[in-house]
Amino acid sequence: MEHRDWSAFVLPASVPGRLSHPPARTPLQRWLGRDTVAPVGPESEGPGRSAHPWWKVLTLTGVDYFSTLSYLPAIAVLAAGALSPLATLVIVALTLLGMLPMYRRVAVESPHGQGSIAMLERLLPFWRGKLFVLVLLGFVATSWIVTITLSAADASVHLLENPITPESLRGLQLPLTIALVLLLGGVFLLGFTEAVNVAVPIVLAFLGLNAAVIAAGLARLVATPSLVTHWWAGLIAGAGGAGAVAATTVLAFPLLVLGLSGFETGVSMMPLIAARGGSAAARLADRIRNTRKLLTAAAATMSVYLIGSSLVTTLFIPAREFQPGGDADGRALAYLAHAWFGPVIGTVYDLSTVAILWFAGASAMAGLINIVPRYLPTYGMAPDWTRAVRPVVLVYTGISVVITVAFGADVNAQAGAYATGILAMMVSAVVAVVISAVRRRAVASAVAFSVVAVVMGYALVANMIEKPDGIAISLLFILAIVVISLLSRVRRATELRATSVDFDEAARRFVEESLRGDDRLDLVANRRDAGDPGDYVRKRRALAQINPLPRRVDLLFLEIDVVDPSDFRETLVVRGVEVGGFRILRADSPAVPNAIAAILVALRDATGVRPHAYFEWSEGNPVQHLLRYLLLGKGDTAPLVREILREVEPDPEQRPVVHVGG
């Protein structure tokens with residue numbers, strides 16, 4: 001064989017990883033995979049690398065948050081009666097003094113769109129952390145999927161209950177709800193920019209109309225202050241004392257806490273927020289500042305609207321109208337809009353309510369698109385295509401249609417699951433912030449957030465007692481996510497996982513010397529024991545007996561140390577180490593076979609030479625080896641390396657060569 005001149009050859013410091021799946025070939029595949037959720041990191045700019053001013057992203061998160069004005073005042077009166085404004089003040093206090101500071105902290109500690117889940121993930125290593133995240137993602141999926149279906153169902157109810165809606169449409173709630181879900185999915189298939197552009201006018205119109213209704217009510221109160229006086233006098237006379245007032249407020253609180261939805265989606269959409277700066281660190285800091293502006297503006301705006309809406313609906317709507325079947329049931333402000341402004345303006349208000357309730361699911365869809373792909377593909381628990389926006393939009397839309405049909409588009413039937421998911425997310429977030437405060441030794445913050453944790457924990461437990469179907473549905477979501485994720489992890493076990501293979505200076509020198517020595521790359525897979533020269537002398541002797549080595553071969557030893565086998569994707573860093581004259585390539589990886597295969601392919605791609613890798617057969621039961629590989633990242637290495645290489649390189653003539661003996 002002709003000897004190649006390697007004197008000028010320089011091994012690249014970094015070799016890109018090989019994908020284990022084929023690239024998109026058809027126009028449809030390219031369209032589906034065009035916009036992706038970037039991996040977590042300072043370079044992340046959001047799906048499709050689109051970024052928007054924080055106030056525009058506020059409207060996308062606010063379609064869910066602000067849409068609660070369409071039904072929360074009615075819930076407040078049903079739960080607390082004449083005490084509704086006082087119970088609402090408790091929610092406002094919790095919003096401004098608890099939830100807002102809490103999520104402003106989450107924005108600092110989880111700035112790349114992972115949400116509060118990332119803060120808790122760091123507390124638990126290895127598989128415990130991964131399984132814990134899967135459980136939390138189950139609650140997230142419950143909350144956000146049901147937000148899509150429940151909001152669409154509520155929108156159809158508001159549309160059908162408008163006085164001018166033809167009677168012939170009254171029985172079409174289910175098909176109408178499905179149509180709204182499909183329309184929402186269609187907006188996101190166009191892109192995030194389109195979704196933001198739709199959210200802006202919807203939110204501005206809805207807030208403007210609600211401001212008009214509330215302002216009209218406050219003007220009436222100013223003109224007739226006796227209404228407030230009589231309300232307060234009746235409250236004092238009929239409440240039964242401060243203890244009864246407090247008891248009523250506490251009992252109403254779990255129902256009203258749903259008005260706090262939207263904070264988690266706000267931090268999950270941080271990568272969508274535009275930021276300025278001359279460096280990645282500066283842009284990240286600016287994005288955090290802009291996110292905190294978003295959260296503060298949302299909380300302040302909603303607090304004003306909650307207080308105003310609670311006051312005017314309590315004082316101006318007869319109590320009987322809030323009862324099931326009443327004209328203000330679930331639509332208190334709409335009732336006032338029709339009563340004060342007539343059927344035309346009232347219908348405009350209804351259409352605005354329908355629009356924001358329909359698009360409230362956009363906040364949930366955006367959250368799902370942003371947060372779930374930042375975990376499952378990274379864990380190897382979902383295919384890489386789930387990072388692409390359009391395919392997951394189709395999946396989430398399909399699931400939402402199935403859920404809608406399963407619940408018959410019934411708003412009340414989904415309320416328990418909706419509340420459970422939201423409250424579970426909030427509780428996990430506040431626990432994460434408490435732990436963070438303790439670790440930072442911020443005593444005052446730890447105490448304050450502990451109080452919030454107790455309050456939110458009470459709301460979650462009370463909701464589960466009141467609506468046990470909610471936790472049952474959440475558990476089904478959790479079970480589905482865990483099972484599907486683990487099956488995906490098993491299916492993807494033999495993928496070539498390294499995003500890149502980086503060689504340090506010593507490793508590059510060893511490879512270059514080996515090529516100059518004999519035009520070959522011969523690597524011996526070794527499991528290090530003592531790591532002294534005797535280890536490598538014994539290994540070479542054993543190898544000479546079980547493998548037909550060339551007479552004069554320049555060997556390199558290859559050693560992989562397993563670190564956190566629950567991880568999946570990695571940048572593989574290969575270090576060169578010399579022990580007693582033996583040259584060793586070492587790397588840390590979650591899985592030994594995958595790392596060896598990645599290094600062999602990277603060497604082949606960078607040098608044009610097919611590496612030869614030498615192994616000994618492992619002793620033991622093959623099934624036990626398989627389980628050790630799936631859970632611990634190591635097992636019977638040789639056949640696994642061979643299988644990984646076969647999958648990544650279909651041409652046997654180009655594939656690195658595996659020799660096994662013993």
Side-chain angles (χ1 to χ4, degrees), residues 6 8-21 23 36 38-44 112 279-281 374 377-380 384 387 492 494-516 520-528 531 554-579 582-613 633-634 637 640-641 644-645 647-649 654-656:
W6 295 97
F9 174 77
V10 176
L11 183 71
S14 181
V15 180
R18 282 291 203 92
L19 295 176
S20 296
H21 55 276
T36 59
V40 172
E43 74 285 359
S44 300
H112 304 307
S279 65
R374 297 183 188 278
T378 303
Y379 294 170
D384 271 342
R387 288 195 190 279
R492 299 187 64 190
T494 56
E495 282 189 11
L496 205 61
R497 305 179 186 180
T499 55
S500 69
V501 181
D502 299 344
F503 297 90
D504 72 2
E505 183 179 354
R508 296 198 300 274
R509 176 166 51 84
F510 291 168
V511 172
E512 292 162 8
E513 289 174 352
S514 183
L515 288 169
R516 286 193 287 269
R520 292 171 56 96
L521 286 175
D522 293 283
L523 299 98
V524 179
N526 182 49
R527 185 174 60 188
R528 187 167 68 256
D554 193 346
L555 288 178
L556 297 175
F557 287 87
L558 181 56
E559 298 175 346
I560 308 298
D561 296 320
V562 175
V563 289
D564 194 354
S566 65
D567 283 342
F568 194 79
R569 283 278 186 251
E570 61 178 338
T571 295
L572 202 58
V573 179
V574 182
R575 310 178 303 276
V577 180
E578 192 164 358
V579 178
F582 293 96
R583 294 165 303 171
I584 306 142
L585 302 179
R586 285 182 184 165
D588 297 329
S589 172
V592 173
N594 307 73
I596 292 176
I599 293 171
L600 294 176
V601 171
L603 289 173
R604 191 277 311 271
D605 290 346
T607 65
V609 173
R610 294 175 67 193
H612 290 248
K634 50 190 176 183
T637 304
L640 288 167
V641 171
I644 295 168
L645 292 173
E647 288 189 6
V648 77
E649 178 52 76
Q654 299 296 320
R655 193 181 300 152

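- A 4.5 Å side-chain heavy-atom check between N526 and L558 finds every atom pair outside the cut-off.
- Remark: Q654 pairs with R604, E649, D651 by the side-chain contact (heavy atoms from CB on, under 4.5 Å) rule, at least two apart or across chains.
- In this view, R586 and Y536, E559 satisfy the side chain to side chain donor-acceptor pair (under 3.5 Å) rule, not counting sequence neighbours.
- Two residues are said to be in side-chain contact when any heavy atoms from C-beta on lie closer than 4.5 Å; D502 and S500 meet this criterion.
- Annotation: side chain of V609 is not in contact with side chain of L603 (no heavy-atom distance under 4.5 Å).
- For the pair V15 and A606, the tightest heavy-atom approach, listed with the atom from each and the gap, is CG2-CB, 4.0 Å.
- When the side-chain contact (heavy atoms from CB on, under 4.5 Å) test is applied to E578, the partners found at least two apart in sequence or on another chain are F510.
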**OP:** Assess whether side-chain contact (heavy atoms from CB on, under 4.5 Å) is satisfied between S589 and V563, documenting all intermediate values.
**Re:** CA-CA 6 Å; S589 172; V563 289; 5.7 Å; no

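- For the atom pair CD (E505) and CZ (R575), the distance works out to 15.5 Å, reported to the nearest 0.5 Å.
- Applying the side chain to side chain donor-acceptor pair (under 3.5 Å) rule to D588 yields no partners; only residues at least two apart in sequence or on another chain are considered.
- The side-chain heavy atoms of V641 and L600, taken from C-beta on, include a pair separated by under 4.5 Å.
- Residues L515 and F9 form a side-chain contact, since some pair of their non-hydrogen atoms from C-beta on lies under 4.5 Å apart.
- Heavy-atom minimum distance, A591 versus R497: CB-NH1, 3.7 Å.
- The two residues A506 and G576 make their nearest non-hydrogen contact at CB-O, 3.5 Å.
- One finds the CD1 atom of I599 at 4.0 Å from the CD1 atom of I560 (value rounded to the nearest 0.5 Å).
- Shortest non-hydrogen contact noted between F503 and P12 is CD1-O, 3.9 Å.
- Looking at E512 and R509, no side-chain N of the basic residue comes within less than 4.0 Å of a carboxylate O on the acidic one, giving no salt bridge.
- Judged as a side chain to side chain donor-acceptor pair (under 3.5 Å), and not counting sequence neighbours, D504 has no contacts.
- A distance of 4.5 Å separates CG of D561 from CZ of R528, quoted to the nearest 0.5 Å.
- The line from CZ of F557 to CG of L523 is 10.5 Å long, rounded to the nearest 0.5 Å.
- L645 and P656 get closest at one heavy-atom pair: CD1-O, 3.9 Å.
- The shortest non-hydrogen separation linking V574 to A507 is O-CB, 3.7 Å.
- Within the 4.5 Å cutoff, the side chain of D522 has no heavy atoms near those of the L556 side chain.
- The side chain to side chain donor-acceptor pair (under 3.5 Å) search around E513 returns R583, not counting sequence neighbours.
- A donor-acceptor pair is defined here as one N or O able to donate and one able to accept, closer than 3.5 Å; such a pair exists between the side chain of N594 and the backbone of E495.
- Taken from CD1 in I644 to OG1 in T637, the straight-line distance is 9.5 Å, to the nearest 0.5 Å.
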